[in-house]
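Notes for the one structure printed next.
Bear in mind that the values here come from a model prediction, so they are computed numbers and not experimental data. Below, chain A is the first sequence line, B the second, and so on; all start at residue 1.
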Protein chains: 2
Amino acid sequence: MLPISIIRRTSLLEIYTSMIKRPKLQDIAKQVGVTKMTVSRFFNDPNSVALKTRERISEVIEEMGFIPNRVPAIMSKSSSKCIGLVIPSFSNLVFAEVIDGVEETAVKYGYSVLLMHSGYDVHQEEQKIAELISYQVDGLILSEPEHTPLTMKRLLKAGIPIAEIMSLPKVPLGIACGIEHQQVATETTLALIESGRRHIAYFGARMDKRTYERQEGYLNAVKQAGLQSLVYDEIGRSNFTTGHLLLKRAMQHTPPDAIICTNDDVAMGVLMGCQELKLKVPDDLSIIGYNGLNVCEASTPKLCSIATPRRMMGQLAMEKIIAQLEAGMLQHDLTYLSVTLRAGGTATAAEQQKIKEHLDKLNLVMQQNLSEARLGVA
Amino acid sequence: MLPISIIRRTSLLEIYTSMIKRPKLQDIAKQVGVTKMTVSRFFNDPNSVALKTRERISEVIEEMGFIPNRVPAIMSKSSSKCIGLVIPSFSNLVFAEVIDGVEETAVKYGYSVLLMHSGYDVHQEEQKIAELISYQVDGLILSEPEHTPLTMKRLLKAGIPIAEIMSLPKVPLGIACGIEHQQVATETTLALIESGRRHIAYFGARMDKRTYERQEGYLNAVKQAGLQSLVYDEIGRSNFTTGHLLLKRAMQHTPPDAIICTNDDVAMGVLMGCQELKLKVPDDLSIIGYNGLNVCEASTPKLCSIATPRRMMGQLAMEKIIAQLEAGMLQHDLTYLSVTLRAGGTATAAEQQKIKEHLDKLNLVMQQNLSEARLGVA
DNA sequence: TATAATTATGTTACCGATATCAATTATCCG
DNA sequence: CGGATAATTGATATCGGTAACATAATTATA
């Protein structure tokens, strides 16, 4: 069906004739009867302008709806006060909170965020990073663990703080704030095994690289316990439909008694599928999600999920970037963030307890690593 | 639980000592043995540079991981080739496709997109729009129908094409590509009434302004039919949980036999709630979503929803902005986009048919308006 | 009231690209 | 081979702000 278009002239038309040249400080200055320097001061250091002048400038600005041009300022100050953020996708709600955390912190310190998405593709990422650097961002936050060789070279030569979030990259570029997805998956799987589950499946999706880290962790655990590995995945995005589909496929093959899902969407799809297939959750089958999105609250029973500190990751990455900017010094800085259990009835109470214990143990081990690392550096 | 931090020095450390001054065209030029003008040409009009020179420049750029600074270019060319896009929220998947449509079209014509979010708040929107204008965007796409008076003034004085999408604003700033949400809701409601439903409820959310447009349309229809209006809403975002909650509330009050939801998330929440409350869908209760997101596929039965052409809205807004930029002429331009029915078993086959008919009728009426408007202008 | 101290404003150079025009070099053809 | 033409490169001004210093206006103080 084609869009239906009505071109209609309205009362505002007289304003809309041809493109107007945007006013500049000079224009305001002339109107007020000062030089552009005074108007510049009005914006950057109002107290250095006489009250009377300030009022007159204010009036003219108000009247003209004037907004100063930040472009020459970026050149002059050789700092844009902008931080670039590249996420893989806007259709993945995981990143919504990351964005909020990043932006919240940026604003707190007087920075802005330029946001781009890479579509889970390293070449698109290359493009977007180049674009952000070409706008002279003062720092970069990246959320995918892999980059093209050219991107790596550019990033190392960029001379600005760079933070990688979500996962911990093997060769960090500078700052890294992430989760040990693999270890988390191992511990979760072990907890389910200890709780008596013997047919634990992993539902993934081939789009996201972090999925594979978790899958690796899952495989380690089942191998360690001498159990059969049951991995199911699907090309493309991981969503409700994927979960639904993978459940059906799994049931035809070897019916699992527990499913660890790569994320909450897949897990919700599984849960919905269970209602259709009349599977009792968590008795017949326990379902564990990943991320702890709000969607977990929606179902009955609520989805049990591994909650990731997404907002905090954004905040922390930003804090660290700004710290390095203010110090004028680039430094390597790795931060491992711990995950928590988002309680929900898709796992038994005993299982939830076991998972909690395992995650706590993992956190403890990491803290020990921390101490050792400190000694190593000292 | 606090994040666990490990600061570790790695093999890349030697590169990371202090902030490096970013290289400029001049630096490349010196290395190659030409003037910066030649390097500038290398990027903007490669064919005007001798093959041999081109190769040498290429090598140096490759080696230095050089990315040209676009900031002075924006000043010099007095065009940024950037279009600003402001959406209310990244946690609303409705906008993911809009973004894709906008960006896809932008890239096609050599433009970039600067993306910001306003958190459904006109004052935040004011900030973000000002920021985008301060970066000298060549055009703006806004997705909320209301703006502060200051924003209105600034937009009218900005001298760049501005497109408003999603809804059709009462006083359009320039370009508008939107949906007649109110009329669509009226027609949907009427279709359900004609199908025999007598207790039709509307589930909204108080965050989103478009919700109210739809609510208005719903109210018109029930009033027209002499039925009781059953509006339920909740402060805050509209999501699964909201739908769940509103269903319970509605059932305690006057159990509805049909629910029109402000969006698909609320509708999914309702559907999940039905499974808990043992309500038969669509026999006891039919559920209509809004937007036609992919989430509609996830449930059993699939969610019946009014699909909005989100990607097309983005594409169209961008096309029209670029057209005006190339023409160097600002013009009012309103486009009404039609909606379609996304089939799903949460409404009976007969109901789905009726809704389709009503929507088709609406599209016809709009086409007539189009003809009249053309005559009016001619 | 004169002079110093302070406040307010102005002047000039510069940030790093590109537009424009000028100069140089290479190529062609009779 | 010489001059014309085309291809390539260079020189200079400019975009619109801000930094840094200079000057003018005001106030404080002796």
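- Looking only at distances, no side-chain donor or acceptor of Glu164(B) sits under 3.5 Å from a matching main-chain atom of Pro172(B).
- No side-chain donor-acceptor contact under 3.5 Å links His117(B) and Gln124(B).
- One atom, CG of Asn44(B), and another, C1' of dT9(D), lie 16 Å apart when rounded to the nearest Å.
- For Ser76(A), counting side-chain heavy atoms from C-beta on, the closest listed nucleotide (dT18(D), dA17(C), dT9(D)) is dT18(D).
- A straight line from CZ of Arg22(B) to P of dA17(C) spans 11 Å, rounded to a whole angstrom.
- Rounded to whole Å, atom P of dG16(C) lies 16 Å from atom NZ of Lys77(A).
- Atom C1' of nucleotide dT9(C) and atom CG of Asp45(A) are separated by 13 Å, given to the nearest angstrom.
- Looking at which nucleotide of DNA chain D each of Ser40(A) and Asn47(B) is closest to, the 5′-most match is held by Asn47(B).
- Side-chain atoms of Arg22(A) and Asn69(A), non-hydrogen and from C-beta on, never get closer than 4.5 Å to each other.
- In this structure, Lys21(B) places its NZ atom 11 Å from C1' of dC14(C), rounding to the nearest Å.
- Gln127(A) contributes atom CD, which lies 11.0 Å from atom CE of Met116(A) (distance to the nearest 0.5 angstrom).
- In the set dT20(C), dG17(D), dG16(C), the nucleotide with an atom closest to the side chain of Met37(B) is dT20(C).
- Between the side chain of Lys36(A) and the base of dG16(D) there is no donor-acceptor pair of N/O atoms closer than 3.5 Å.
- Separating the CG atom of Leu25(A) from the P atom of dC15(D) is a distance of 14 Å, rounded to the nearest angstrom.
- The distance from atom CD1 of Ile28(A) to atom P of dG16(D) is 13 Å, rounded to the nearest whole Å.
- Residue contacts for Val34(A): at a heavy-atom cut-off of 4.0 Å it reaches the sugar-phosphate backbone alone, with no base atom in range.
- In this structure, Thr38(B) does not reach the dT8(D) phosphate: none of its side-chain N or O atoms is under 4.0 Å from OP1 or OP2.
- A distance-only check finds a donor-acceptor pair linking the side chain of Ser48(A) to the backbone of Asp45(A) [under 3.5 Å].
- For Met75(A), the side-chain atoms get nearest to dG16(C) when compared with the rest of dG10(D), dG10(C), dG16(C).
- Contact annotation: Thr53(A) does not reach the phosphate of dA8(C) (side-chain N/O to OP1 or OP2, under 4.0 Å).
- Nucleotide dA25(D) holds its P atom 15 Å from the NZ atom of Lys52(A), rounded to whole Å.
- For a distance-only test at 3.5 Å, the side chain of Arg41(A) qualifies as a donor-acceptor partner of the base of dG10(C).
- Residues Ala50(B) and Pro68(A) each lie close to DNA chain D; by heavy-atom proximity, the contact nearer the 5' end of the strand is made by Ala50(B).
- In the set dT9(C), dG16(C), dT9(D), dG16(C) carries the atom at the smallest distance from any side-chain atom of Asn69(B).
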